[in-house]
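The basis for the numbers below is simple: all heavy atoms, side chains too, and nothing from hydrogens, waters or symmetry mates.
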Amino acid sequence: MEEVSARFVAQKISKARWRPLPAAALQPPDIFATGSWDNEDNRLALWAVGELGSGEYLGEPQLLCDIGHDGDVMDMQFLDQERIVAASSTGSVTVFRHHQNNQTLSVNQRWEKAHYHVDQDTSCGGAACTGVICNNPEIVTVGEDGRINLFRADQKDAVRTIDNADSSTLHAVTFLRTTEILTVNSIGQLKIWDFRQQRNEPSQIFSLTGERVPLHCVDRHPNQQHIVATGGQDGMLSIWDIRQGTMPVSLLNAHEAESEYLDWSREKKAFLEQSTTYLSHNTINQSVVCAWLNNDPTKDRMEITNLIPNQTLSVNSLDVLGPCLVYGTDAEAIYVNRQLFA
């Protein structure tokens with residue numbers, strides 16, 4: 001089997017996500033979704049990869065089904081095994097359902113103008129929904145308008161909306177805990193929001209020092225919730241310990257391009273980000289977790305591996321599940337590596 005399989009899809013790919021595996025599943029992931037952007041006809045699609053029931057290897061990803069999407073797909077997350085939530089540049093948030101019996105996709109629910117600049121009722125007032133995160137049945141979205149929405153699947157209206165959460169663009173969101181979220185904005189701030197609190201203000205604010213470089217992505221460590229990673233417009237990766245201080249504890253100069261997306265790998269406690277660079281720590285007499293918080297070169301060593309040599313166009317999105325990596329590019333192609341840590 002080839003280590004990396006690829007397919008030309010004739011669409012600029014903005015997002016790629018593995019379908020989550022059922023509880024206690026032993027097999028590797030075999031289905032992923034993609035969303036496109038900057039095309040005349042943007043699409044949300046489902047793909048199969050790996051082996052068929054007969055044991056025949058599929059080779060390149062095979063299209064299962066797709067559906068048109070209004071506007072660019074700005075972000076996308078699986079809500080469960082059958083539903084996918086997509087954020088649009090028009091400001092809408094849509095839940096798509098996958099019908100496995102006949103391999104089709106349909107619109108299950110849509111919140112029109114979840115994000116808007118002036119007036120939700122104005123025909124041209126939509127603001128891009130830049131980020132979405134799911135914890136079934138809850139869906140949290142953030143946008144260009146600095147607004148935070150908390151939706152619940154199968155409910156028509158928002159459970160909660162923080163209209164003026166930020167005076168600048170919110171670029172990304174992730175869950176810290178069940179009732180807490182993390183957001184990053186265009187002036188270099190990381191904020192924690194607690195939905196148990198009635199006041200529409202963050203419970204904590206963290207900031208980069210010096211110039212206010214926009215932060216584009218955020219993710220927390222899968223096992224240590226107090227460790228958070230962010231990626232910025234300057235290509236710097238910042239590691240934060242939210243238990244102490246208000247500034248990053250580590251800064252990693254990963255590459256020269258912007259960081260658009262990052263993901264803590266659950267398999268090796270490693271770290272992947274937009275350029276599809278793999279970073280891992282080799283440590284001496286200390287835990288991997290502590291290593292991310294330590295910049296002392298005499299105690300630990302950072303290994304950097306470029307997973308896409310000679311890539312010329314943007315890698316817009318990646319997702320890691322177990323040993324499997326999927327990513328999409330502006331070169332109108334999708335790539336799958338099912339032996340990431342081999």
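Of the possible polar contacts, none joining the Q204 side chain to the T246 backbone as a donor-acceptor pair under 3.5 Å is found. The backbone N or O of K156 sits less than 3.5 Å from a side-chain atom of W111, completing a donor-acceptor pair. Side-chain atoms of N316 come within 3.5 Å of backbone N or O of I13 as a donor-acceptor pair. Of the possible donor and acceptor atoms, one in the side chain of S88 sits under 3.5 Å from a partner among the backbone N and O of T90. Panel note: side chain N39, backbone D41; no donor-acceptor pair is recorded below 3.5 Å. Without hydrogens or angle criteria, S317 side chain to A16 main chain gives a donor-acceptor distance under 3.5 Å. Between the side chain of S14 and the backbone N or O of V73 there is at least one donor-acceptor pair closer than 3.5 Å. With hydrogens and angles disregarded, a donor-acceptor distance shorter than 3.5 Å links the side chain of D80 to the backbone of E82. A donor-acceptor contact shorter than 3.5 Å links the side chain of R338 to the backbone of P29. Looking at S203, its side chain does come within 3.5 Å of a backbone N or O of I192 through a donor-acceptor pair.
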Self-check item: Verdict with supporting geometry, T161 and D163, side chain to side chain donor-acceptor pair (under 3.5 Å)
Solution: CA-CA 6 Å; T161 295; D163 282 322; 5.3 Å; no
Exercise. Take N185 and R212 through the test side chain to side chain donor-acceptor pair (under 3.5 Å) and record every step on the way to the result.
Key: CA-CA 10 Å; N185 66 15; R212 293 189 168 187; over 6 Å; no
Exercise. Starting from the C-alpha separation in whole Å, work towards a yes-or-no answer on side-chain contact (heavy atoms from CB on, under 4.5 Å) for H226 and R220.
Key: CA-CA 8 Å; H226 60 278; R220 69 166 177 80; over 6 Å; no
Practice problem: Would you please test N42 and K12 for side-chain contact (heavy atoms from CB on, under 4.5 Å) and show each step? | Solution: CA-CA 9 Å; N42 289 305; K12 292 182 179 179; over 6 Å; no
Quiz item: Does the pair W240 and L208 meet the rule for a side-chain contact (heavy atoms from CB on, under 4.5 Å), with working shown?
Solution: CA-CA 10 Å; W240 313 70; L208 293 173; 3.8 Å; yes
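For the residue pair W37 and S89, no side-chain donor N or O sits within less than 3.5 Å of a side-chain acceptor on the partner. Residues E144 and H171 bring no donor and acceptor atom of their side chains to less than 3.5 Å of each other. The closest side-chain donor-acceptor pair between S36 and H69, if any, does not fall under 3.5 angstrom.
Tested against I148 for a side-chain contact (heavy atoms from CB on, under 4.5 Å), the candidates T141, V173, I181 yield a single pass: I181.
Considering only heavy atoms from C-beta on, T230 stays 4.5 Å or farther from F206 through its side chain. Proximity of Y335 to L318: side-chain heavy atoms (C-beta onward) are nowhere separated by under 4.5 Å. The closest side-chain heavy-atom distance from L321 to F32 is not below 4.5 Å. Proximity of V336 to W18: side-chain heavy atoms (C-beta onward) are separated by under 4.5 Å at one or more points. Put simply, the side chain of R7 reaches to within 4.5 Å of the side chain of Q62, judged on heavy atoms. Contact of the E138 side chain with the T179 side chain is not registered, since no non-hydrogen atoms from C-beta on lie closer than 4.5 Å. Side-chain atoms of C129 and M74, non-hydrogen and from C-beta on, never get closer than 4.5 Å to each other. Looking at heavy atoms from C-beta onward, R83 lies in side-chain contact with N136 at the 4.5 angstrom threshold.
Hydrophobic clustering places V132 together with L79 (ILVMFWY residues linked when any side-chain heavy atoms are closer than 4.5 Å, directly or through intermediates). In terms of hydrophobic clustering, with Ile, Leu, Val, Met, Phe, Trp and Tyr side chains grouped at heavy-atom distances under 4.5 Å, Y327 and L340 are assigned to a common cluster. No continuous path of hydrophobic side-chain contacts links I187 to L251 [ILVMFWY only; heavy atoms under 4.5 Å]. Under the 4.5 Å side-chain contact rule for hydrophobic residues, V93 and F78 do not share a cluster. With hydrophobic clusters built from ILVMFWY side chains whose heavy atoms lie under 4.5 angstrom apart, V218 shares a cluster with I242.
Between atom CG of residue L215 and atom CD of residue Q233 there is a gap of 10.0 Å, rounded to the nearest 0.5 Å. In this structure, OG1 in T130 is found 6.5 Å from CG in L170, a value given to the nearest 0.5 Å. Here D66 contributes atom CG and F96 contributes atom CZ; the two are 11.0 Å apart, rounded to the nearest 0.5 Å. Interatomic distance, L46 CG to I67 CD1, rounded to the nearest 0.5 Å: 10.5 Å. We find the CG-OG1 distance between L176 and T183 to be 11.5 Å, quoted to the nearest 0.5 Å. Once rounded to the nearest 0.5 Å, the distance linking CG of D194 with CZ of R196 reads 4.0 Å.
For R17 against D75, the heavy-atom pair with the smallest separation is NH2-OD1, 3.0 Å. In this structure, W47 and A45 approach most closely via the heavy-atom pair NE1-CB, 3.5 Å. Listed here is the closest heavy atom pair of Q109 and A153: OE1-C, 4.0 Å. Residues A172 and H216 share a closest heavy-atom pair of CB-O, 3.6 Å. The two atoms that bring V9 and A333 nearest to each other are CG2-N, 4.2 Å, heavy atoms only. Here the closest non-hydrogen pair linking Q103 and C65 is O-CB, 3.1 Å.
A salt bridge does not link R152 to D154: none of the charged side-chain nitrogens sits closer than 4.0 Å to a carboxylate oxygen.
Screening residues 176-190 for salt bridge (charged side-chain N to carboxylate O under 4.0 Å, His left out) gives R177-E180 as the qualifying pairs, with residues at least two apart or on separate chains.
Counted within 6.0 Å of CG on D38, heavy atoms from surrounding residues, nucleotides or ligands total more than 12; the atom is thus considered enclosed.
For I205, the side chain to side chain contact (heavy atoms under 4.5 Å, CB included) criterion is met by Q189, K191, P202, S207, not counting sequence neighbours.
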